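Just below is one structure, and these are the notes that go with it.
Keep in mind the model is a prediction, meaning the values are calculated, not measured. Whatever order the structure lists ligands and atoms in, that order sets their numbers, starting from 1.
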Amino acid sequence: MLQQTPVTRVLPAWEAWLNRWPTPAAMAAATPGDAVLAWGRLGYPRRALRLREAAVAVVERHHGVVPADIQELRALPGVGEYTAAAVASFAHRQRHVVLDTNVRRVLARIIAGEQLPPSSLTNTERARAAALLPADPEAAATWNVAAMELGALVCTASNPRCPSCPVNDRCTWLATGKPADATPRKVQTYAGTDRQVRGRLLAALRDAAPDPVPPAVLDACWDEPAQRTRALQSLLADGLIAALPDAGYALP
Ligand code: SF4
């Protein structure tokens, strides 16, 4: 839930989710539509489907217990390098490099003297973090949390609080006068994108659930027919909505 979504938005949804589905077995028994509905407006709703699929896999492959082994975690639907390392480190106190956007920014500044990390994760960043990570697994897990919190609370993207930073005596970026990032960055837009159209269509289906929605309701969600059709087709292809035999649509 926290991938690309701020904690403040996630917290209420996370609490409601765990109250409703406190175990992988409970989640696995839900329908995909239940998961999409409970996901609400968190965004990137395919994550809801993957989370449910991961719960099904945990029940089928691991007797309902989330595995501790990083390779078994990686094999679960929707679980990539970051999530597997985070679960293995934070929950099971193993030694793994956990590189989220906050940690990557902190290390880019302290070690590389750059304002921001590269746009996608590099092997150099992995090696740099692995070299810094304490050898003791418990200390490594604490180090991961500390680096993440430093990035989230002190070394923020746009307003780092360097005077009160606990590592300001060893920060290359600060020592070299905080040179500005020279890499052209893509600015993520939302208004007018297919993502926005998908969000509108899915919101109409959530609002009507458990009832289906006739095509005319979806037509009213977005004026531009070609873009609306493209968004609808992609939601169908992703399994986030289902087409009914009588031409309506519903959550799966
Ligand atoms: S000194 Fe400033 S830029 Fe360097 S790690 Fe601390 S907050 Fe970030």
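- The protein non-hydrogen atom at the shortest distance from atom 5 (S) of ligand 1 is Ile110 CG1, 3.6 Å.
- The protein non-hydrogen atom at the shortest distance from atom 3 (S) of ligand 1 is Trp173 CE3, 3.4 Å.
- At a cut-off of 2.8 Å, Cys162 is counted among the residues with an N, O or S atom near atom 2 (Fe) of ligand 1.
- In the hydrophobic clustering of ILVMFWY residues, with side-chain heavy atoms under 4.5 Å counting as a link, Ile70 and Val98 come out apart.
- In terms of heavy atoms, Arg206 sits closest to Gly40 at NH1-O, 3.1 Å.
- Classification of Glu53 and Arg50 as a salt-bridged pair holds, one side-chain N sitting under 4.0 Å from a carboxylate O.
- Taking 4.0 Å as the cut-off between side-chain N and carboxylate O, Arg95 and Asp136 do not count as a salt-bridged pair.
- Using a cut-off of 4.0 Å between Lys/Arg side-chain N and Asp/Glu carboxylate O, Asp100 and Arg104 are scored as not salt-bridged.
- Less than 4.0 angstrom separates some heavy atom of Arg109 from each of these atoms of ligand 1: 3 (S).
- In summary, the atoms of ligand 1 found under 4.0 Å from a heavy atom of Asn168, numbered by their order in the structure, are 1 (S).
- With a 4.5 Å cut-off on side-chain heavy atoms, Val97 and Val103 do not count as touching.
- Because the distance cut-off is set at 2.8 Å, Cys155 qualifies as a neighbour of atom 8 (Fe) of ligand 1 through one of its N, O or S atoms.
- The protein non-hydrogen atom at the shortest distance from atom 6 (Fe) of ligand 1 is Cys165 SG, 2.3 Å.
- The single protein non-hydrogen atom nearest to atom 4 (Fe) of ligand 1 is Cys171 SG, 2.4 Å, given as residue, atom name and distance.
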